[in-house]
2 protein chains.
Amino acid sequence: MATIRDVARISGYSISTVSRTINQSGYVSKTAQLQINRVIHQLDYVPNAIARDLSTGKTHKIGAILPHIRDPYFSKILNGIMDAAFANNYSVILLPSEYDEAQEMHYLEQLKRKEYDGLIVTSHGIPLERLEKYNQYGPIVCCEDTGAKQLNAVFSDRESAYTTAFNWLKQKQIKRIAFLFSRRAGVSATSSITLKTFAQVYGDLPPDNLVITGVSTPAEGYFAAKTLNKQATDLQYIFGNGDDIISGVRQYYVDHQLPLPGLIGQGHQISGVAIGIPTIDPHFYTIGGQALQLVLEPTDGVRKIKVHSDFIINNKIDLTPNTFIK
Amino acid sequence: MATIRDVARISGYSISTVSRTINQSGYVSKTAQLQINRVIHQLDYVPNAIARDLSTGKTHKIGAILPHIRDPYFSKILNGIMDAAFANNYSVILLPSEYDEAQEMHYLEQLKRKEYDGLIVTSHGIPLERLEKYNQYGPIVCCEDTGAKQLNAVFSDRESAYTTAFNWLKQKQIKRIAFLFSRRAGVSATSSITLKTFAQVYGDLPPDNLVITGVSTPAEGYFAAKTLNKQATDLQYIFGNGDDIISGVRQYYVDHQLPLPGLIGQGHQISGVAIGIPTIDPHFYTIGGQALQLVLEPTDGVRKIKVHSDFIINNKIDLTPNTFIK
DNA sequence: TTGAAAGCGGTACCAA
DNA sequence: TTGGTACCGCTTTCAA
């Protein structure tokens with residue numbers, strides 16, 4: 001592989017002149033350019049990216065920590081990040097964590113090592129305090145409400161959509177509502193907000209036997225339905241943590257020819273449209289895009305950006321091409 | 001940010017000794033280790049990844065070219081790549097192309113510039129010949145049958161599943177079958193194989209008005225259904241290029257209260273399970289994993305790996321947790 | 001067991 | 001317009 005030194009030597013010009021030619025910066029005579037470009041072509045030379053990165057101190061890469069991409073939630077957010085990165089001439093590195101703290105720490109260390117120029121944390125297992133500490137080593141953006149913490153955030157304003165949804169249920173005289181969460185309220189911000197909003201509308205938290213945690217796949221939804229069917233009588237609605245998951249729930253009732261309770265999904269995914277259930281659309285694609293924008297921004301202080309979310313009652317296929325991208 | 005030089009200076013040892021301590025290579029006395037580690041800790045020092053990459057000539061990153069990740073096809077394959085990369089201590093860089101040739105060329109150039117150690121091409125717009133040329137600059141693996149080309153490949157053996165599916169249809173006396181493709185047969189390998197296999201079983205290609213191309217979203221599926229319903233009478237089955245897309249097709253018939261033709265999907269996605277249609281499962285997750293394995297392998301010659309695919313008639317939710325990951 | 005020094009392949013300042 | 005050269009921060013060989 002030819003280097004800039006080879007080009008310089010063979011063309012008879014100096015390294016500096018070659019560098020200037022490559023980067024089209026500073027003064028280079030037409031003749032020099034011609035000569036140098038000829039040699040570059042002849043040697044099939046291209047500058048080495050790593051060397052350039054080292055010299056400039058930038059990698060033009062942003063790391064995206066996500067538990068996994070099995071869930072459309074993360075696919076959508078990632079898609080938002082990716083498109084925005086692309087538009088800004090950055091590329092994104094996938095950093096799967098499975099919520100493992102050690103793994104997440106590893107990625108934070110990599111930020112410190114300048115493996116990437118910034119970090120987007122879509123979801124995490126480690127406490128926010130830890131993230132906060134690593135902010136000094138490079139820009140970090142979280143995709144959740146970081147509250148009083150000194151951490152950039154882009155997150156969905158779910159309260160409004162949840163409030164709308166719960167009021168809609170209340171108006172329909174619905175009382176017995178079950179909840180599905182992936183992680184329990186202490187750990188997951190989403191779970192806490194859901195329950196808090198519910199309590200605001202209904203005046204009280206749901207009973208323990210109507211809150212199921214540890215559900216994050218359709219199959220787990222299926223089993224959650226089994227549990228609910230056993231322990232909860234008169235169940236009227238199930239508020240799920242994803243349309244796909246609710247599909248699993250529904251399957252259980254269908255398989256056992258049981259009367260189907262009302263279902264509400266989240267994520268505005270295809271599966272929800274297929275079975276025509278109401279859903280919460282938190283606009284993950286937008287969140288991802290904003291997060292990337294923020295991580296690239298010169299960080300004078302901390303910024304928190306709230307993204308609007310919707311409760312979609314009449315959930316039918318959107319005929320605008322490419323809508324499900326987002 | 002402290003450098004290895006700072007550590008050397010302050011600890012009183014040489015750079016080499018510090019380096020050896022960090023990498024636990026070569027001989028370092030216990031005392032030296034202790035001293036040096038103390039200084040490392042005190043300075044909050046971590047080695048710079050870019051400098052290390054430059055020195056070793058490796059980035060520990062693999063680029064994954066994909067048109068987009070809206071389609072579960074690419075999510076699954078990406079998931080396979082990602083998990084395998086993780087297991088091998090590599091990370092993956094997302095390289096979205098939208099099938100744009102210029103963009104794909106750009107990524108190939110980046111490979112040449114050593115931006116990553118290897119490249120996985122899940123799908124592409126540029127001709128294989130082009131890819132072949134760039135093989136010299138770093139390992140490239142394609143996720144399709146590369147035929148006689150000198151290009152590593154990991155791909156799905158779809159013929160067998162397609163043959164099974166078409167025989168199943170034939171046995172049911174089904175004659176009028178429509179096809180949905182994202183790109184036309186000349187461009188897309190999948191389309192060609194589908195039609196070829198169909199012809200083998202049925203003895204003839206489907207009539208032109210039963211082949212719809214340019215369909216790659218549920219919304220486009222919806223419109224395709226509209227077209228089919230107009231121009232194709234007696235339609236018995238629709239063979240779609242994705243479960244999600246077929247969901248869009250189904251929606252059209254449901255919306256207009258038309259008799260639903262038989263539907264066959266592809267990808268083994270949740271949406272297909274939700275509406276209980278037969279589907280082709282090409283095991284994309286496995287393909288992604290194998291592709292990564294291959295790109296890391298010391299490349300003595302070219303390898304082609306075929307991954308088995310299934311025709312799933314009784315498509316119900318798989319109750320093994322996490323199955324839809326794959 | 002340790003250290004000097006030559007890379008790795010660029011960038012960019014400053015002098016000519 | 002051009003070139004010399006000091007970085008960027010680490011690895012690795014070889015001699016001491």
Side-chain angles (χ1 to χ4, degrees), chain A residues 1-40 43-61 109-117 137-138, chain B residues 1-40 43-61 109-117 137-138:
Chain A
M1 203 79 281
T3 73
I4 196 172
R5 269 164 248 274
D6 298 326
V7 178
R9 188 166 34 75
I10 297 179
S11 68
Y13 284 91
S14 72
I15 294 179
S16 329
T17 306
V18 175
S19 177
R20 265 181 260 121
T21 305
I22 295 166
N23 299 305
Q24 316 195 30
S25 65
Y27 298 105
V28 184
S29 67
K30 274 265 172 286
T31 355
Q33 285 189 37
L34 238 59
Q35 300 267 315
I36 291 173
N37 280 324
R38 220 160 36 78
V39 174
I40 284 178
L43 293 183
D44 191 25
Y45 164 82
V46 286
N48 178 301
I50 311 178
R52 183 174 281 182
D53 286 351
L54 176 59
S55 200
T56 60
K58 302 176 109 313
T59 62
H60 285 271
K61 291 178 180 42
E109 280 296 318
Q110 292 196 148
L111 175 66
K112 192 168 167 183
R113 292 171 183 225
K114 304 291 175 200
E115 195 102 40
Y116 10 81
D117 294 345
Y137 303 118
Chain B
M1 202 80 279
T3 73
I4 198 172
R5 263 167 256 275
D6 299 324
V7 178
R9 189 167 34 76
I10 296 179
S11 68
Y13 284 92
S14 73
I15 293 179
S16 334
T17 307
V18 174
S19 177
R20 266 180 261 121
T21 305
I22 295 166
N23 300 306
Q24 314 194 30
S25 65
Y27 298 104
V28 184
S29 67
K30 275 265 173 286
T31 355
Q33 284 189 37
L34 238 59
Q35 301 265 315
I36 290 173
N37 279 324
R38 221 160 36 79
V39 175
I40 284 177
L43 292 184
D44 191 27
Y45 166 81
V46 286
N48 178 300
I50 312 177
R52 182 174 282 181
D53 286 351
L54 176 59
S55 201
T56 59
K58 300 175 110 312
T59 62
H60 285 271
K61 292 178 179 42
E109 281 297 317
Q110 292 195 147
L111 174 66
K112 193 168 168 183
R113 293 173 182 223
K114 304 292 175 198
E115 195 102 39
Y116 12 81
D117 294 346
Y137 303 118

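Both backbone and side-chain heavy atoms feed into the values below; hydrogens, waters and symmetry mates do not. A note on names: the letters A, B, ... follow the listed sequences, proteins ahead of strands, and every chain is numbered from 1. Model, not experiment: these values are computed from the prediction.
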Rounded to whole Å, how long is the line connecting atom [atom1] of [X] with atom [atom2] of [N]?
X	N	atom1	atom2	value
Leu54(B)	dC7(D)	CG	C1'	13 Å
Gln33(A)	dT1(D)	CD	P	10 Å
Ile15(A)	dG9(C)	CD1	P	12 Å
Arg20(A)	dT1(D)	CZ	C1'	7 Å
Lys30(B)	dT2(C)	NZ	P	11 Å
Ile4(B)	dT12(D)	CD1	P	11 Å
Arg9(B)	dG9(D)	CZ	P	13 Å
Ile22(B)	dG9(D)	CD1	C1'	10 Å

Least distance between heavy atoms, [X] atom then [Y] atom:
X	Y	value
Val28(B)	Arg20(B)	CG2-CB, 3.6 Å
Gly138(B)	Leu111(B)	O-CD2, 3.8 Å
Thr31(B)	Tyr13(B)	C-OH, 4.2 Å

[X] vs [N]: side-chain N/O to OP1/OP2 distance below 4.0 Å:
X	N	value
Ser16(B)	dT2(C)	no
Arg5(B)	dG9(D)	no
Tyr45(A)	dG10(C)	yes
Thr17(A)	dG3(D)	yes
Asn48(A)	dC8(C)	no

- Message: Is any side-chain heavy atom of Tyr27(B) closer than 4.5 Å to one of Ser29(B)?
- Response: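 Side chain of Ser29(B) against side chain of Tyr27(B), heavy atoms only: no contact under 4.5 Å found.
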- Minimum side-chain heavy-atom gap Asn23(B)-Arg52(B) below 4.5 Å: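 Yes; the side chains approach each other to less than 4.5 Å.
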- Return yes if the base of dG4(D) and the side-chain atoms of Ser14(A) contain a donor-acceptor N/O pair under 3.5 Å, otherwise no.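 For Ser14(A), whose side chain was compared with the base of dG4(D), there is no donor-acceptor pair (under 3.5 Å).
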- Query: So, does the side chain of Ser55(A) form a donor-acceptor pair with the base of dG10(C) at under 3.5 Å?
  - Reply: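 Donor-acceptor pair under 3.5 Å: yes.
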- Start at the 5' end of DNA chain C and walk down; is the nucleotide closest to Gly12(B) or to Ser25(A) reached first?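 In this pair, the answer is Gly12(B).
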- Of Ile50(A) and Ser29(B), whose closest DNA chain C nucleotide lies nearer the 5' terminus?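 Closer to the 5' end of DNA chain C: Ser29(B).
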- Message: Quick check for you: among dT12(D), dG10(C), dG3(D), whose closest atom lies nearest to any side-chain atom of Ala51(A)?
- Response: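 Closest nucleotide to the Ala51(A) side chain: dG10(C).
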Tell me what [X] touches on the nucleic acid: a base, only sugar-phosphate, or nothing, going by heavy atoms under 4.0 Å.
X	value
Ser19(B)	base
Asp53(B)	nothing
Val7(B)	nothing

- Query: Would you call Asp44(A) and Lys112(B) a salt bridge, using N to O less than 4.0 angstrom?
  - Reply: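 Looking at Asp44(A) and Lys112(B), the cut-off is met.
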